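Comments concern the structure below.
Just so we're on the same page: letters track the sequence lines, and every chain starts at 1. A quick note: this is a predicted structure, and the numbers were derived from the prediction, not measured.
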Amino acid sequence: MPLALVIVLFIFFSTTSFAGDAFIRVPAGEFHSIIKYENSNEFTKIAAFELMKTPVSNAQFLLFLHNNPQWQRGRVANIFAEEGLYLSHWQDPLTPEPKAKLQQPVTQISWFAASAYCQSQGARLPTWIEWEYVAAANDQKRDARKDAAWREYILSWYAKPASSPLANIGSTTANVYGIQDLHGLIWEWVQDYSSLLVSDDNRNTVDADKIKFCGASALSIEDKENYPIMMRVAMLSALEAVNSTSSLGFRCARNLP
Amino acid sequence: MLKKLLISSLLLTNIAIAESPLPTNSILQIDNVFTTQNNSHITLASLRGNVHVVTMFYTSCQYVCPLIINSGFAIEDSLTPVEKKKLHFFLVSMDSANDTPDTLLSLAKKRNLDTSRWTLARTDAEGVRMLAALLGVRYRILADGSINHTSTLILLDSEGRVIAHTEKMGMQPDEEFLASIKNTLKTTNQTPSL
């Protein structure tokens, strides 16, 4: 084989295998969310879309920062990413390692930074319902939410201390769509995190919530055994766009062409 | 030669002062475009120079939104005439699908708003998402186009920095919020309205 061809193939395979930027097509469906509002329908129609196979890695985010220096730590405006927290685990603004490994999911990023990254890729953050829809699957079926083993697996991840090191992207079993790491790795931003209207006080009357949310009661969780999803809702409903945490990352979604 | 140099350096200095960058924590630095009830296309940089109470609403909202405007009036009524002239209001619609300059103008007329200080505006879905994220407003758009949302009044200083906010709506202004408004107005030099 000519040397030039070998080199080209090597570069191609090494970059694609580490790039992790594959988008997977998710077919349309009718989905029963466990989030219920007084005024919501039972099923939501979800149009087909594309979702990244794995969350965005430090390596990918680093490339974005080279091309978009206004998002570098130290340069980005405080209203878009909190100083002292944004990418605080990186060695310096353009060096993740040694603490942050290149193939770990990027964390300590705000919703603004995540949105900007996705936009730069001609993509967007997934909506909550899109995320919940894809995350309902295991490696066997599209809706595994009633499956005790699926819940056990996810709950065992929640039980791990936050101090244990983050695994690399792509380290969990792909679900039936071919998508990985929706469980067992990080919390993930969604485009409409702020649409999860949660009552701030159990003692609020229905009327108090109706005033707070202008005509709606707060959401309720239909399946109170679905602890995995409840945790995600609790997490997202408590966040502001500028916040970041050490276990909160993201992946991008895309509309079909 | 020296005279030319002097003149051009003075000109450059003036330009530099006029376009000094916004402070890093000013929310006016986003570049989303907003359209007012007068069909003017602006970015939030236009708000610079005046103290604003900012909020989000939508015109066809029957429930709490009318109260938001009443809350604005209640604040005005608690100010001195001098303070009242200096305080501006900027209300942005969350209903990017249905609110237009016409619906905004119609509401401004219906509520008798002093449009020299009250500006209503609409933007696209992306702009709504961005502003709501910056202001901490949470909202959910329903299938029928109505919107469930939190109601907040946010006080911006003349450089667009968030100074205070309140979720208390009604005829009795939030005392602390009112105090912040008075304090911010006191420390601001008014610039001509746009």
Side-chain angles (χ1 to χ4, degrees), chain A residues 33 35-45 70 74-83 110-116 118-119 124-125 127-129 189-200 207-219 236-243, chain B residues 21-32 44 55-68 71 94-95 125-152 154 156 159-162 165-170:
Chain A
S33 170
I35 294 181
K36 276 230 88 56
Y37 291 95
E38 230 175 48
N39 50 18
S40 60
N41 296 324
E42 191 148 349
F43 284 93
T44 312
K45 277 189 157 62
Q70 70 277 22
R75 294 175 66 156
V76 67
N78 210 30
I79 55 165
F80 298 131
E82 285 178 280
E83 207 182 307
S110 64
W111 178 88
F112 293 108
S115 301
C118 291
Q119 241 177 25
R124 55 173 175 82
L125 287 170
T127 60
W128 162 260
I129 196 84
W189 277 115
V190 294
Q191 189 188 65
D192 56 348
Y193 72 92
S194 83
S195 73
L196 300 168
L197 304 178
V198 165
S199 191
D200 54 10
D207 285 340
D209 279 345
K210 282 209 150 117
I211 289 171
K212 184 179 161 88
F213 300 129
C214 193
S217 44
L219 66 82
L236 290 171
S237 64
L239 290 170
E240 294 295 343
V242 74
N243 294 150
Chain B
L22 286 162
T24 181
N25 51 351
S26 168
I27 70 163
L28 307 184
Q29 56 189 291
I30 59 171
D31 53 18
N32 304 78
L44 292 190
T55 188
M56 297 187 84
F57 80 118
Y58 65 110
T59 64
S60 64
C61 166
Q62 301 302 328
Y63 202 64
V64 175
C65 303
L67 250 192
I68 296 176
S71 305
M94 288 172 283
D95 192 355
E126 171 68 34
V128 172
R129 229 181 337 259
M130 180 60 82
L131 188 62
L134 284 170
L135 298 179
V137 170
R138 301 181 101 94
Y139 66 103
R140 179 176 150 250
I141 303 181
L142 304 176
D144 67 356
S146 64
I147 305 175
N148 298 142
H149 62 95
T150 56
S151 299
T152 326
I154 293 101
L156 300 182
E159 291 286 271
R161 290 172 286 217
V162 175
H165 70 275
T166 181
E167 305 215 331
K168 184 168 180 278
M169 298 294 140

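Annotation: the span from A/S237 atom OG to B/R138 atom CZ amounts to 6.5 Å, rounded to 0.5 Å. Here the OH-SG distance, from B/Y58 to A/C214, works out to 5.5 Å after rounding to the nearest 0.5 Å. Atom CZ of residue B/R161 and atom CD1 of residue A/I79 lie 12.0 Å apart, to the nearest 0.5 angstrom. Rounded to the nearest 0.5 Å, atoms OG (A/S194) and CZ (B/R140) are 11.5 Å apart.
Contacts between B/L142 and chain A at a heavy-atom distance below 4.5 Å involve the side chain alone, from C-beta outward. Looking at B/V162, there are no atoms closer than 4.5 Å to chain A (heavy atoms on both sides), in backbone or side chain. Contact of B/M169 with chain A is not made at all, since no heavy-atom distance falls under 4.5 Å. Contacts of B/C65 with chain A are made by both backbone and side-chain atoms, with heavy-atom separations under 4.5 Å. A/L239 touches chain B through its backbone: at least one of N, CA, C or O sits under 4.5 Å from a heavy atom, while the side chain does not. Residue contact with chain B, scored on non-hydrogen atoms closer than 4.5 Å, is absent for A/E83. When heavy atoms are compared at a cutoff of 4.5 Å, B/Q62 does not approach chain A at all. Only the backbone of B/I147 comes within contact range of chain A, with at least one heavy atom under 4.5 Å from a heavy atom of that chain. Using a 4.5 Å cut-off between heavy atoms, B/S26 contacts chain A through its backbone alone, with no side-chain atom that close. For a residue to count as touching a neighbouring chain, one of its non-hydrogen atoms must lie under 4.5 Å from one of that chain's; by this rule A/F112 touches chain B with the side chain only.
The main-chain N or O of A/L197 is found under 3.5 Å from a side-chain atom of A/Y37 such that the two form a donor-acceptor pair. B/T55 contributes a side-chain N or O that, together with a main-chain N or O of B/T152, makes up a donor-acceptor pair within less than 3.5 Å. With hydrogens and angles ignored, the 3.5 Å screen pairs no side-chain donor or acceptor of B/D95 with any backbone N or O of B/S146.
Counting heavy-atom pairs closer than 4.5 Å to chain B, the top-ranked of the candidates A/I211, A/V76, A/N78 is A/I211. Chosen from B/T24, B/N148, B/I30, the residue pairing most often with chain A at heavy-atom distances under 4.5 Å is B/N148.
Checking A/E82 against A/N243 by side-chain atom types alone, a donor-acceptor pair falls below 3.5 Å.
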